[in-house]
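This is a predicted model, so every value here is computed, not measured.
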Amino acid sequence: MKRAIHGITLLLSCIFMFHAQAVEVKDVDGNILPYYENNTFTGDLDEIKERKVIRALVTYSRTDFFIHHGHFKGMQFELLKRYEDSLNKGVKKEVDKIRIKYVPVRFDQLIPSLEEGHGDIAAAFLSITPHRQRRVAFATSLATSVDEILVTDKTIDSVTGFHDLSGLDITVLKGSSYIEHLNTINRILTKQGRLPINVIEADKNLLSEDILEMVNAGIVKATLIDDYKAELWAQVFDNIVVHKDMPISINNYVGWAVRQNNPQLQQSLTEFVEKQAKQGTLVGNSLFKTYYENTQWIKAADVQGQKDKLAKLAPIFQKYADKYDYDPIALAAQGYQESTLNNNAVSHRGAVGIMQIMPSTAKEMGMQNFRQLEANIATAAKYVAWLKRHFVNDPGIKEGEDLPLIWAAYNAGPGNFAKMQKRAEKMGLDKNVWFGNMEIAAGMQTGRETVQYVANVYKYYLAYTLSQQIEQQKADAIATKQPEDS
């Protein structure tokens, strides 16, 4: 593990050499480019210098790239900013400087968007695999390598070999190298006559740390994650087992990706890594403190532990979801985020009950006795229906995209939500899509609170949905089981 931490240090150390200096970008709105609205371009560095714009494909996450108090932050942003500075060294006129523009995409879209010409750099720590090398070129000094580590919940405390993985459900990041490496193990298991691993690709909007959080909550059994991330998150999560002695894949070199027909850009980035990342050390605690200071919401994510409570409340959620044409699981997920399903909860602002209803909101909805459990849920259901009718009503919203938007409006308030929509349109983002679009405008408008709120509710929603599916599968299995001959 120390070797892996030291390896990733070489790539990241330049971030922390400048840690005391605030990194700011003027015109943050103008530095976001929605990839689907921009003309494609596949030129190399010489043409990029003429355009004076490099488009960096990034994933919007708590660690790689996010907006806080109106400023870009995150490991990838800070590293990209240093690269921008290195390109402009000695250039005095602002008009002659090259600027990096940020193009938020889902993780599984990093390489496809790069290939299609929607960006010039896939700015993520991508493991270099033969499959990926057939598609893109990597910018790396080959000084950095990581191991991919199995992480499970505490019901699996010992893994001594691949045979222990036979038949195990392992949920991994969609579009990740983890899938390739698990499929390799499956070929070995199949030859041995054993059941293969059940490799489950996670929801497209979840990142590795989200999946790890779900392992901690007992929602999924196991996942794969890079070793340095596993070590960092092990400081927060109490209910995971990091199987350090059982790496699934070792010595995976990582780096940024560029198109194969961009050798100039590849060389420029590789030289930047070699020159800028030779000195300094990255202590895990330093990285942890920088990007994971507020971990209270993580530690509270015990969705599975609320199973009995949710079972008792389920008929009420169902009743009022049906009445107001809403998803009962979505309503329950909000209740968990708001109060961990505690009707006695009272916020410092005066919001009460499971759904944290403000007295003013209850009055607007014409609801009385909203402090009582059932009326509290009924008020929330009526309110989300009202939000959907007045603020999340664009016919262009695709199925399933409405829920995150409703949660955002519920948390931020309709006034702030309307401002987020206007800001999204101004930035060229899709106001009808939350992840990678409206969430960026929200980060600019109100900070991280609403962004984190929606992310949490979304995970709880997926967790409750998964739990319900598992229970249904068990019930179906019991119902179809043939009685034994007497």
Please enumerate all residues that pass side-chain contact (heavy atoms from CB on, under 4.5 Å) together with Asn343, with sequence neighbours excluded.
Ile354, Leu373, Asn376
Please name all residues satisfying salt bridge (Lys or Arg N to Asp or Glu O under 4.0 Å) with Asp327, sequence neighbours left out, ordered by chain then number.
none
Residues in side-chain hydrogen bond (donor to acceptor under 3.5 Å, both in side chains) with Tyr178, at least two apart?
Asp226
Could you name each residue pair satisfying salt bridge (charged side-chain N to carboxylate O under 4.0 Å, His left out) that touches residues 153-166, not counting sequence neighbours?
Asp153-Lys221
When rounded to the nearest 0.5 angstrom, what is the spacing between CG in Leu462 and CD1 in Ile329?
10.0 Å
For residues 167-175, please give each side-chain donor-acceptor pair under 3.5 Å, one per line with the distance, not counting sequence neighbours.
from: Asp169; atom 1: OD1; to: Asn198; atom 2: ND2; distance (Å): 2.8

Check whether Asn437 reaches the backbone of Asn432 with its side chain - one donor and one acceptor, N or O, closer than 3.5 Å.
no
So that I know where these two stand, are Tyr60 and Phe435 an aromatic pair - ring centroids less than 6.0 Å apart?
no
Salt bridge (Lys or Arg N to Asp or Glu O under 4.0 Å) partners for Asp203, two or more places apart
none
Arg187 versus Thr184, side-chain donor and acceptor atoms under 3.5 Å:
yes
Under the rule for side-chain contact (heavy atoms from CB on, under 4.5 Å), what residues qualify as partners of Gln337, not counting sequence neighbours?
Tyr453, Asn456, Val457, Tyr460
Residues passing the side-chain contact (heavy atoms from CB on, under 4.5 Å) test with Ala257, sequence neighbours excluded, are Leu114, Ala122, Leu126, Val136, Phe138
Under the salt bridge (Lys or Arg N to Asp or Glu O under 4.0 Å) test, which residues partner Glu180, sequence neighbours left out?
none
Pairs in or reaching into residues 255-265: which pass salt bridge (charged side-chain N to carboxylate O under 4.0 Å, His left out), with residues at least two apart or in two chains?
Asp120-Arg259
Once side-chain contact (heavy atoms from CB on, under 4.5 Å) is applied, do any residues pair with Ser249, and if so which ones, sequence neighbours excluded?
Glu148, His181, Asn252
Contacts of Arg99 that satisfy salt bridge (Lys or Arg N to Asp or Glu O under 4.0 Å) - sequence neighbours left out:
Glu84, Glu94
Under 4.0 Å between a Lys/Arg side-chain N and an Asp/Glu carboxylate O for Lys81 and Asp85?
yes
